[in-house]
2 protein chains.
Amino acid sequence: MNATPQHHDEHEAARAANSRLVRDFGLLIKSATRLEQRIDSALRRECGISHTMLEVLIRLWRQPGEEVSQRQLADDLTLTSSGTTRLIDRMEDAGLVRRVPSPGDRRVALVEPTAEGRTTFLRAAAVHAQVVEEYFVKPLAADDYARMTSALSEITRALRGDAG
Amino acid sequence: MNATPQHHDEHEAARAANSRLVRDFGLLIKSATRLEQRIDSALRRECGISHTMLEVLIRLWRQPGEEVSQRQLADDLTLTSSGTTRLIDRMEDAGLVRRVPSPGDRRVALVEPTAEGRTTFLRAAAVHAQVVEEYFVKPLAADDYARMTSALSEITRALRGDAG
DNA sequence: ACTCAGCAATTGCTTGCTCAGTAATTGAGA
DNA sequence: TCTCAATTACTGAGCAAGCAATTGCTGAGT
């Protein structure tokens with residue numbers, strides 16, 4: 001046993017790296033990352049779109065008839081406005097959505113799905129559901145699933161609470 | 001009420017976008033993404049490192065004395081080997097780690113933390129713990145927290161199970 | 001002993017994002 | 001009515017990741 005400051009720090013570092021908190025939180029990040037990667041590659045392979053694009057399409061059909069601006073999309077997807085601009089560029093090029101000037105405010109561009117966007121969305125949603133079912137629902141007992149989603153709601157609420 | 005195929009598809013699309021599965025899974029991705037962003041920006045601001053770099057440091061102190069290759073880091077962090085190469089490049093430039101040729105296999109580069117890496121890690125771990133405590137532990141009842149982590153273990157197990 | 005399939009790390013190129021800065025438009029207060 | 005701070009979208013530059021191809025090395029089968 002050596003009691004130099006270095007040895008003390010090494011011990012502290014090992015403690016920190018193996019703490020409960022670190023381990024558990026790592027699990028959350030890792031599961032989410034891997035799940036998203038899995039969905040993304042399935043969608044690219046089978047529908048030619050990214051997971052982010054699917055999230056846009058989901059948002060566009062959340063409340064049919066609602067006018068959705070890029071700003072709203074940016075907020076809902078946790079993207080910057082420039083990221084959103086270029087995402088919509090790509091989706092427009094792919095024929096999935098179109099930009100329509102807002103009648104009420106000439107600064108905003110509303111985003112609308114096209115007919116092609118709709119058929120792609122229907123296929124993509126099926127792929128998405130299949131992967132989610134397999135790796136999110138199936139591994140969990142029904143009880144755990146319910147608790148998990150309520151816990152996640154709490155977390156997003158806490159995060160939304162303050163700025164940053 | 002119009003019964004054209006288009007109307008049927010619109011209805012299907014709205015149903016898909018509002019399904020339980022989609023909503024719940026979106027919650028998981030969004031919480032994880034936002035939490036990670038929050039941690040990343042706190043770490044950059046207060047310690048000058050990214051969240052990914054912290055994950056490397058955590059891994060390096062998981063089993064002190066263990067030899068860790070870039071390949072192992074890549075697997076544990078869910079990164080490609082090229083991504084890992086450049087990540088370690090940056091960390092080496094920042095003085096946090098150093099590459100050491102493996103004595104047993106001249107293909108592999110072992111990654112070791114430096115003294116500076118250790119002090120940075122200790123500060124970063126404190127920042128990390130604080131954010132995790134605030135937005136992951138505190139919003140959850142103790143009971144929910146325990147169930148959540150066991151559920152996450154199940155998910156990672158399911159994901160690890162098959163290739164992908 | 002030699003070959004060769006396979007693995008570790010690296011590099012060039014591409015993608016998808018952020019940040020910082022810009023231009024047009026809006027709406028609230030003097 | 002006019003002004004000006006805030007807001008929307010967009011653009012250029014930069015960064016961190018992935019994919020594909022390359023290099024150097026290893027170890028198993030002949």
Side-chain angles (χ1 to χ4, degrees), chain A residues 29-30 32-34 36-45 48-56 67-94 96-112 164, chain B residues 29-30 32-34 36-45 48-56 67-94 96-112 164:
Chain A
I29 298 297
K30 205 191 267 187
T33 305
R34 293 204 172 153
E36 192 172 11
Q37 285 175 351
R38 178 99 33 153
I39 286 181
D40 193 70
S41 64
L43 286 172
R44 295 192 121 91
R45 181 167 14 93
I49 67 172
S50 67
H51 173 64
T52 314
M53 289 182 180
L54 175 57
E55 298 230 61
V56 170
E67 295 190 336
V68 181
S69 68
Q70 290 188 196
R71 177 103 293 279
Q72 284 169 284
L73 285 173
D75 290 344
D76 289 348
L77 305 195
T78 328
L79 280 171
T80 60
S81 60
S82 78
T84 308
T85 291
R86 283 185 260 250
L87 172 59
I88 299 303
D89 284 350
R90 273 172 277 141
M91 292 183 73
E92 216 171 19
D93 290 349
L96 300 168
V97 299
R98 92 186 119 241
R99 271 184 251 241
V100 176
S102 163
D105 186 334
R106 272 188 294 176
R107 288 170 301 181
V108 343
L110 300 175
V111 180
E112 291 180 356
Chain B
I29 297 297
K30 204 191 271 188
T33 304
R34 293 203 172 156
E36 192 171 13
Q37 284 175 351
R38 179 99 32 153
I39 286 181
D40 193 70
S41 65
L43 287 172
R44 295 193 122 91
R45 181 167 13 95
I49 67 172
S50 66
H51 172 65
T52 314
M53 289 182 180
L54 175 57
E55 297 230 61
V56 170
E67 295 189 337
V68 181
S69 67
Q70 290 188 195
R71 178 102 293 278
Q72 283 169 283
L73 285 173
D75 290 344
D76 289 350
L77 305 195
T78 328
L79 258 103
T80 60
S81 57
S82 77
T84 308
T85 291
R86 282 186 263 249
L87 173 59
I88 299 303
D89 283 350
R90 274 171 306 196
M91 292 183 73
E92 215 171 19
D93 290 349
L96 300 169
V97 300
R98 91 186 120 243
R99 272 185 252 241
V100 176
S102 163
D105 187 333
R106 272 187 294 177
R107 289 170 300 180
V108 343
L110 300 175
V111 180
E112 291 180 357

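All of these numbers come straight from a predicted model, not from anything done at the bench.
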Going by heavy atoms in the side chains, are A/Glu55 and B/Ile29 under 4.5 Å from each other?
-> yes

Closest to the B/Gln70 side chain: D/dA17, D/dA9, C/dT10?
-> C/dT10

Short side-chain N/O contact from B/Arg44 to OP1 or OP2 of D/dA16, under 4.0 Å | yes

Can you check whether B/Arg106 has a side-chain N or O nearer than 4.0 Å to OP1 or OP2 of D/dT26?
-> yes

With sequence neighbours excluded, tell me which residues meet salt bridge (Lys or Arg N to Asp or Glu O under 4.0 Å) with A/Arg86.
-> none

Where the side chain of A/Arg107 is defined as all heavy atoms beyond and including C-beta, which of C/dA8, D/dT26, D/dT7 is the nearest nucleotide?
-> D/dT7

Would you kindly give the CZ-to-P distance between B/Arg71 and D/dT26, to the nearest whole Å?
-> 17 Å

What's the closest nucleotide to the B/Arg99 side chain, out of C/dT10, D/dA9, D/dT26?
-> C/dT10

Sub-4.0 Å heavy-atom contacts from residues 73-86 of chain B onto DNA chain C, ordered by number = B/Ser81, B/Ser82, B/Thr85, B/Arg86

Just call it for B/Ser50: base, sugar-phosphate, or nothing, with non-hydrogen atoms closer than 4.0 Å on any strand.
-> nothing

Starting at atom CD of B/Glu55, determine the distance to atom C1' of D/dA16, rounded to an integer number of angstrom.
-> 15 Å

How close or far is atom P of C/dT26 from atom CG of A/Asp105, stated in whole angstroms?
-> 5 Å

Rounded off to whole Å, could you give me the CD-to-C1' distance for the A/Gln37 and D/dA16 pair?
-> 14 Å

Roughly how far, to the nearest 0.5 Å, is CG of B/Asp105 from CZ of B/Arg71?
-> 13.0 Å

Side-chain contact, heavy-atom cut-off 4.5 Å: B/Ser50 with B/Arg90?
-> no

Would you mind reading off the distance between B/Gln72 atom CD and C/dC7 atom P, rounded to a whole angstrom?
-> 15 Å

What is the distance from CD1 of A/Ile49 to P of C/dT15, rounded to the nearest Å?
-> 18 Å

Rounded distance (Å) that lies between atom C1' of C/dT15 and atom CG of A/Asp89 | 14 Å

Rounded distance (nearest 0.5 Å) linking atom CG of B/Leu73 with atom CG of B/Leu87 = 8.0 Å

Tested for side chain to side chain contact (heavy atoms under 4.5 Å, CB included) against B/Gln70, the lone hit among B/Leu110, B/Asp75, B/Val108, B/Thr85 is B/Thr85

Could you check how far CG of A/Leu87 sits from P of D/dT11, rounded to whole Å?
-> 15 Å

With side chain to side chain donor-acceptor pair (under 3.5 Å) as the test, would you mind laying out the steps for A/Gln72 and A/Ser69 before giving the verdict?
-> CA-CA 5 Å; A/Gln72 284 169 284; A/Ser69 68; 3.3 Å; yes

